[in-house]
Amino acid sequence: MLKRTCNCGDPRKENSGETITLSGWVNTYRDQGKGLVFIDLRDRYGMTQVVFDGEDSPQETMEIGSSLRREDVISVEGVVRVRDGAPNKKLATGEIELVAKRIEVINRTETLPILPDDHDADQIGEEHRLRYRYIDLRRPKMQRILKLRHQITQFTRNFFADRNFLEVETPLLISPTPEGARDFIVPSRHQAGRWYALPQSPQIFKQILMVAGCDRYMQICKCLRDEDPRADRQAEFTQIDLEMSFVERDDVLDIMSEFATSIYKEVSGIDLGDLPRISWSDAMNNYGSDRPDIRFDLQFTDVTDVVKANDFKVFASAIEQGGVVKAMRVPGGASTLTRKMTDGYAEIAQTYGAGGLPSVKLVDGEFTTGISKFIASVKDELVSALSLEDGDLVLFGVGPFRVACTSLGQVRLQVAKDMGLVNEDEYKGLWVIDFPMFDWDEERERFISEHHPFTAPLESELDKLRDNPIDCISSGYDLCINGSEVAGGSIRIHNPETQSLVFEKLGLSAEEAKTKFGFLLDALQFGAPPHGGIAFGLDRLVMMMIGTDNIRDVIAFPKTQTGADLMCEAPGDADPEHLEELGITVDVSDDATAQV
RNA sequence: GGGGCGGUAGCUCAAUUGGUUAGAGUACCGGCCUGUCGAGCCGGGUGUUGCGGGUUCGAGUCCCGUCCGCCUCGCCA
């Protein structure tokens, strides 16, 4: 093989006269006719124009040159020279070209299913990009993403290594867990009929590392959750996972704030500014989200008490059932938002569980449209509670607290988009703290952890954990940037009594807890330090820095919505003998599925 | 599990109310062209209209089923 002496992004004017060899892919070819062919040769580092010139290139090289097609792989030895014509300002190597002397065609390509060309690759159906990922990844844009991701992990390792964190690997084959997401399971051969689970996160192991005296742990690790994906969610994703001993909440928030602001700064030049801390309650009440986007205002006002006096049925019955009425003032919304748009908002509210989306406009000092005639009696009170001005639109979130808030919160996001309130170049983050410990699950008729079962309550809330768990505030915290949750963590429970109590509140019998988490409860009995930590969603960090809504863009080999890898055609069939060895028989009939 | 959108040439798309031989750009193939750079010009259609049924004189188009992809609700401690 003709060995390269430098990369396609390297040659400069200073190298003219030098004989070099480049290897790479033919990005484009421009055949000018007998005696002159240009190709752009591309590798990860850049592109160089190679010229096959009848006057300077040997006849044989000339002939091969004119037969080249896009994405053929070649090595070319030649002489660097300053271009005759105008330099190409789009290329770093645009002032020079390589005059081909010797060429080796390493591999020709069939007609390509997709072209690795940033000009129109974004138009190509994603199905094709995923099936031929090795071609898609050749695109400069995808190469930039791979590189940025690498820079982020590199920065992360250095940042935490500098601060005494140890990178420790935790197992992939672990025991199934009762709480949380659906586990991927793996059959055991030595104990046929028993199963491993793939980790949803290394949670318990990192806590045990704290008990083991590691003091500070970090890992960039795969997490696996067998749940339906979304645009920003994959079953298989990566976390920057951390845990620290002898810390309180503020210690974790401080060091993680430093990490977040410095990684944005260093890797992308983005200034996150300060990261304010707001309570979950304020976030829900004012923004209708536990991960509010604070790049724009549009806050809510609770008008439950204001509209109580009124007998409008929708409000009255919601309040009667213990619900609330939230109002969002949209300044100037009366004229800028069309009927079609507000109808769309109502659909959004309904999608998130609200009955509808009552609204009124304030025009010439009077309520018009929507529910104006039903709430005329409390007009003055509403105007003053919301500081309404002429031309404002008011949208109401009605229902049980979480439904009223989150449905209006989703509407808030769309309104901001429609009114152009979102500056896409701006990055604003905040910590959401003081989460509740539990939420009540109507279906299962029991408490479920708002964060996870190892989250400690705030020290001052210990009494409530026993007597009034629904009001108990946890030590949990989430870091949200531009309305996206990028990290979440908590101070953990480090004494077995509290841990048992939480399991009990979650409806986990002592026996069950012992079976599933016995080793953790044991560990807590043998000298567990107070500890806490956090996990950053690496994929979402990369998404935000690269400016994409699609998580598949930032994963080299992502899966589709049905968990398929289109390139390698996973999942695949297993060898029947292998299954027999594992004691597994498979029944995929409709009946069998229906029974599950 | 539910809702929505889509599947036509290698790729991106078009095809009137169900009506002649399913078209265009690009890629690809052939030819021309010595300074191009998303080269240009001339010529070439390379097709199981995702798959299986059905209705009809006639289906890319309508109906039923199914598969695949995307968005989404549930789900994601």
Side-chain angles (χ1 to χ4, degrees), chain A residues 27-40 47-57 62 66-67 69-71 83-91 93-94 97 109-132 135-136 177-183 200-201 203-204 223-235 237 347-348 350-353 406-407 410 435 437-439 441 443 447-455 474 476 485 488 490 502 506 508 535 537 549-550 552 559-562 564 566 593-594 596:
Chain A
N27 194 65
T28 49
Y29 65 93
R30 297 176 291 278
D31 188 343
Q32 301 295 302
K34 287 199 175 62
L36 188 66
V37 176
F38 298 102
I39 64 165
D40 291 333
M47 274 203 287
T48 295
Q49 173 167 287
V50 179
V51 59
F52 298 82
D53 187 328
E55 291 165 15
D56 300 303
S57 303
M62 200 61 229
S66 62
S67 76
R69 292 296 178 269
R70 297 183 71 158
E71 299 307 310
R83 293 190 184 193
D84 272 0
N88 184 348
K89 289 186 180 131
K90 291 179 195 162
L91 294 182
T93 62
E97 63 191 358
T109 177
E110 296 294 314
T111 300
L112 294 149
I114 61 172
L115 288 170
D117 192 334
D118 283 340
H119 288 295
D120 44 27
D122 289 336
Q123 313 301 317
I124 296 175
E126 204 173 0
E127 204 172 338
H128 290 104
R129 291 179 49 204
L130 294 180
R131 177 154 287 131
Y132 301 98
I135 303 175
D136 191 47
T177 47
E179 289 284 307
R182 188 183 292 116
D183 285 327
Q200 300 172 27
S201 81
Q203 182 60 36
I204 296 176
C223 299
L224 301 120
R225 299 176 186 175
D226 190 6
E227 300 290 350
D228 288 356
R230 286 288 184 279
D232 62 349
R233 222 165 73 188
Q234 283 266 296
F237 64 102
E347 267 177 49
I348 292 173
Q350 281 169 341
T351 303
Y352 287 87
T406 55
S407 61
Q410 293 293 328
F435 282 80
M437 279 287 284
F438 305 106
D439 188 17
D441 187 321
E443 227 170 275
F447 288 119
I448 50 173
S449 291
E450 183 73 31
H451 189 53
H452 63 52
F454 317 110
T455 300
S474 90
E485 181 192 329
S490 63
V502 168
L506 291 171
L508 222 67
D549 294 327
N550 181 350
R552 293 176 300 279
K559 291 180 173 55
T560 68
Q561 199 143 167
T562 53
L566 297 178
T593 325
V596 176

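A note on names: the letters A, B, ... follow the listed sequences, proteins ahead of strands, and every chain is numbered from 1.
An OP1 or OP2 oxygen of B/U72 is reached within less than 4.0 angstrom by no side-chain nitrogen or oxygen of A/T351. Contact annotation: A/K34 reaches the phosphate of B/C32 (side-chain N/O to OP1 or OP2, under 4.0 Å). Between B/C33 and A/R30, no contact under 4.0 Å exists linking OP1 or OP2 to a side-chain N or O. Using a 4.0 Å cut-off, no side-chain N or O of A/Q123 falls inside it from OP1 or OP2 of B/C13. Using a 4.0 Å cut-off, no side-chain N or O of A/R552 falls inside it from OP1 or OP2 of B/G69.
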- prompt: Can you list the steps and then say if A/T48 with A/E97 is a side-chain contact (heavy atoms from CB on, under 4.5 Å)?
  reply: CA-CA 6 Å; A/T48 295; A/E97 63 191 358; 5.9 Å; no
- prompt: salt bridge (charged side-chain N to carboxylate O under 4.0 Å, His left out) between A/D40 and A/R30: does it pass, once the steps are laid out?
  reply: CA-CA 9 Å; A/D40 291 333; A/R30 297 176 291 278; 3.1 Å; yes
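Below the 3.5 angstrom threshold, one finds no donor paired with an acceptor across the side chain of A/E227 and the base of B/G74. For B/C11, the base has no donor-acceptor partner in the side chain of A/R129 [N/O atoms by modelled type, under 3.5 angstrom]. A donor-acceptor contact under 3.5 Å is formed by the side chain of A/R233 with the base of B/C75.
Set against B/G30, B/U34, B/A27, the side chain of A/R69 has B/G30 as its closest nucleotide. Closest to the side chain of A/T111, out of B/C28, B/U12, B/C68, is B/C28. Of the candidates B/G35, B/C11, B/G10, B/C11 carries the atom nearest the A/I124 side chain, counting heavy atoms from C-beta on. For A/Y29, taking side-chain heavy atoms from C-beta onward, the closest of the listed nucleotides B/U12, B/C70, B/C29 is B/C29.
At whole-Å resolution of the value, CZ in A/R131 and P in B/G69 are 8 Å apart. The distance between atom CG of A/N27 and atom C1' of B/A39, rounded to the nearest whole Å, is 14 Å.
Under 4.0 Å is where a charged nitrogen must lie from a carboxylate oxygen, and between A/D228 and A/R233 no such pair does.
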